[in-house]
Each structure stands twice: as structure tokens, then as C-alpha cells.
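Here the structure comes first, spelled out in C-alpha cells, and everything after it is commentary.
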2 protein chains.
Amino acid sequence: MIKIAENTIKRLIVYKKELNRLKAEGKKFIYSHVLAALSGSQPHLVRRDLMAVGYSGSPAHGYSVKELESSISDFLCSSRQVKVILIGIGNLGRAIIDYCHKQNPKIAISSAFDIDPNKINKEYHGVYCFHIDTARNYVIENEIKVAIITVPDSEAQTIATALSDAGIRGILNFTPGRLRVPENVYVENADMMLYLEKVIYFVQNV
Amino acid sequence: MIKIAENTIKRLIVYKKELNRLKAEGKKFIYSHVLAALSGSQPHLVRRDLMAVGYSGSPAHGYSVKELESSISDFLCSSRQVKVILIGIGNLGRAIIDYCHKQNPKIAISSAFDIDPNKINKEYHGVYCFHIDTARNYVIENEIKVAIITVPDSEAQTIATALSDAGIRGILNFTPGRLRVPENVYVENADMMLYLEKVIYFVQNV
DNA sequence: ATCACGCTGTGAAAATAATCACATATTATT
DNA sequence: AATAATATGTGATTATTTTCACAGCGTGAT
């Protein structure tokens, strides 16, 4: 497989999101410069990025919204549906369940896990919560590949290790600490404080 | 001012976080290769990034943890303390207030705003919540420069426009939509669904 | 006092990413 | 049917970012 730049992936995900919106609005075709404007990108870059996807538009109408959306969607994620688990039913965990629920039908949070007995055996926006100790088996039995970690900092490494042992392949980590995981586990750190610091930097310095 | 790459900024923020942890652990000195390992970076890149900050280490001991932390901190954010407001007391808003509270003493969420009467005039982790219509005046009177938006999608653009008019300079947007704001307002989009899609891509394709 | 070691700081090189520029294609118009 | 207008797709170019490589320095050992 040809190597695709990480930035290209990030932009493709944004294009896809915009295309979905356009599709819902009933728009049929879109030009690279319009998609660029909607996505905070550049027309040249949109076309360059789409080379990776392999979808071709028409000089007359631009890209078919529906076809391009489905091409990018297939490129980014070949499976029909991806099952994800979430560890840690705090405010953040609940926000994510709610959000995912309405946002992307291709991604389903199939179960949640927590250590607090008050949270276990309840449903949150349709997602059932089990005891955290059962997560390991759940991952094995259901061949879960991706987990979202929204537990308190102190628990993060323990659960990351357990999940890695059970065969998880990707973690979205909302914890501020850096997780030590095997080489073959991809970790994306989403430390919200860091985003805030970035905003503050650009406000003060640009 | 010399232009600093956005990636450099992101890494510096991570270095700072790690240095803070090391400081708390009582570590006095650190080498570039250790800091790199802790931050998911490379020794060369650490040294290159630190050129922007202008702090010099010693070949014998590496960098003084305390001094380097404070140099990066000053570089990223010169003010003693930054006041930030948060719009939208949902699960996500509460999670952020809680998190910010314990994470970074230099950044303070000075007030929160919501439209729901049940949430107004209450405190959340010590942050008082006002009616959303008062946000505009609050920004003007307190010279607030940075806002966090965690309202439902449909409200985001309205509040972003109001805040921009009131003189906000940076927005951390947790809403999936792209905000239209004046040129001089910096927007950082933190769409959690996008991070999740990124993880899924790398799990399936790398 | 001298030497060896291992680090930092940085110019230079390599790799990567973004932009340009234009040949090509498609449609609407005359 | 020919022409004009406009957008795509991509080789070439430029800009940016990362990595390399090594001089120079400070420390501890001999």
C-alpha cells in the first residue's frame, strides 16, 4: 500500500463529514474549491488528497457528492460497521456516547464499561454498561479492535494494558497521560487541555 | 516574530505537560532523548523545537526540568493567568470544567453560560453559570479572549457570531460544524468523532 | 592535568507536503 | 460544428519539516 500522509487522512475525514451534510441537504455536485472552502482546505489540496482515494470528478460538474462521499468512506473504513467500546462512564464518556449515537451510523459503541456499581447494568443512550473487569473478555469474544478511554488518569494505563493483551488495535485516549502499549496498538491522544493551550497560543501570538 | 510551525507548538505543549509531571516527581534534569521518549517525539526534533523557545541545556546534564518548563510555559503563554469562558453546560461542558480545574493552574474557566434555566445560577466545580444572553457583555467587560463552545450543533454559529462581535479572539469548538467567524478569530475544531475515525483508519490500514 | 565520553546546538541534507501551472476534458452557447 | 468558459488531474516546483552529522562543551575518570 502506498503511504498516505496523516494530514491527508485528517482532511479526508473532514471532507467526508462535509459531503454527508451536503448529501443530507440534497446537493448533487460540488467543485473542489467549494469543498475546500467548507473544509478549511485549499482546492489544490482537495484534488491532491482525492488522488489517494482514486475518485475522479468531471470538469463540468465537479464531484458527485454521493459518489465521492462513498468513495472516501470506503477508503477510510472498508467495513460495513465498526464496533467500538468505551471505558469510563463519566461526563465525558456520556457525552461521547450521545454524540457518536447521532453522528456516524458506521461507528457503533457496542458496550460501555465502568467500575462504579451505580453505573453498571444501566443504559446510556442505548449503550449498556458492564463491569470494567469484563471488558477484557468482551474484547476477545467480540473481536473488538477499537476502544475509547475516558477513565480517571490513574486507571488509564491499567485498562490500556488489559485491552492490549486482549487484542485491541487502536485506542482513543482522553486521558492526559501517555499510554505505554505494544507497537501494534495505535494510540490517538485527545487531551482537551492541549487543544485549549493551542488556542491560547495562537490568540496571544498571531 | 519568526514563524513557528504548528506542529512545533503542539509538541511544545506536550513537552511542557511531561516536564510538569517530572517536576512533580522531583526530577531535576532531563536529556532530549528521554523527553522525546516521554512525549512521543524524536531527540533531534526536541532540540530543534527548543531552538524556538530559546532555552539552552547543558551537554553534561541535559535540561533543567524546572527552567525548561518555565521557559516553554512563558513562550507558549506570556500572561500570568488566562481567563476562558465555556458556553454550554452539557456532559461535555462539565467534563471540561472538571478537567481544566485540576489540570492547568494558568488557565481558569472564569464563567460558564447556558440557556437552560435549570443550569443557570448554579456552580459546576466552582464555575458559576449565567444565562447565555449575558455572555456577550461578559466578554466585553472582562476582556475575555478565549471561549470553549460545547453547545448543541444548532446553536454553535449563533453564539460564535455573538462572541466574535464581542471581541473574542479564539474559540475551541467541540461542535461538528465549521464556524464562520471573522479573519482575526482563531478556531480550533475538536470534533471527537474525527479522532475516532482516525483511529479506525489506522487500525484498519497500517 | 588530561582524556574520553556523551550530550547539546545547529548548518546542511534529505524527505515530505503544499502549491503552481498547464494539458485535458466537458458542457453551454452561438 | 466550432468556440468559449471553466474545472479536473497531475508533473514540476517550491516551501516546509524532519533528520543527519558533527563541532564544541562540560563532566567525571584516570
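A note on names: the letters A, B, ... follow the listed sequences, proteins ahead of strands, and every chain is numbered from 1.
The distance between atom CG of B/N7 and atom P of C/dA17, rounded to the nearest whole Å, is 10 Å. For the pair A/I4 CD1 and C/dA17 P, the interatomic distance rounds to 10 Å; values are reported in whole Å.
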- request: Please assess B/Y138 against B/F113 for the test ring-ring contact (aromatic ring centres under 6.0 Å, His included), listing each intermediate value before the final yes or no.
  value: CA-CA 10 Å; B/Y138 187 93; B/F113 299 87; 5.4 Å; yes
- prompt: Under the side chain to side chain contact (heavy atoms under 4.5 Å, CB included) criterion, do B/K198 and A/E6 qualify, and how do the steps go?
  reply: CA-CA 9 Å; B/K198 199 173 148 200; A/E6 184 164 334; 2.8 Å; yes
Taking N or O atoms only and anything under 3.5 Å, show me the protein contacts with nucleotides 5-13 of chain C, one pair per line.
| from | atom 1 | to | atom 2 | distance (Å) |
| --- | --- | --- | --- | --- |
| C/dC7 | O4' | B/P59 | O | 3.3 |
| C/dT8 | OP1 | B/S32 | N | 2.8 |
| C/dT8 | OP2 | B/S32 | OG | 2.7 |
| C/dG9 | OP1 | B/S56 | OG | 3.0 |
| C/dG9 | OP1 | B/G57 | N | 2.6 |
| C/dG9 | OP2 | B/Y63 | OH | 2.9 |
| C/dG9 | N7 | B/R47 | NE | 2.8 |
| C/dG9 | O6 | B/R47 | NH2 | 2.8 |
| C/dG11 | O6 | B/R48 | NH2 | 2.4 |
| C/dA12 | N6 | B/R48 | NH2 | 3.1 |

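Under a 3.5 Å cut-off, the side chain of A/T161 and the backbone N or O of A/Q157 do form a donor-acceptor pair. Without hydrogens or angle criteria, A/S39 side chain to A/A36 main chain gives no donor-acceptor distance under 3.5 Å.
A distance of 9.5 Å separates OG1 of A/T134 from CD of A/E141, quoted to the nearest 0.5 Å. In this structure, A/I96 CD1 and B/L92 CG are separated by 8.0 Å, a value rounded to the nearest 0.5 Å.
On the nucleic acid side, DNA chain D has its first and last nucleotide under 4.0 Å of a heavy atom of chain A at D/dA7 to D/dA12, going 5' to 3'.
Contacts of A/R48 classified as salt bridge (charged side-chain N to carboxylate O under 4.0 Å, His left out), with partners at least two apart in sequence or in another chain: none.
The pair B/D98-B/R94 does not meet the salt-bridge criterion, since no charged nitrogen lies less than 4.0 angstrom from a carboxylate oxygen.
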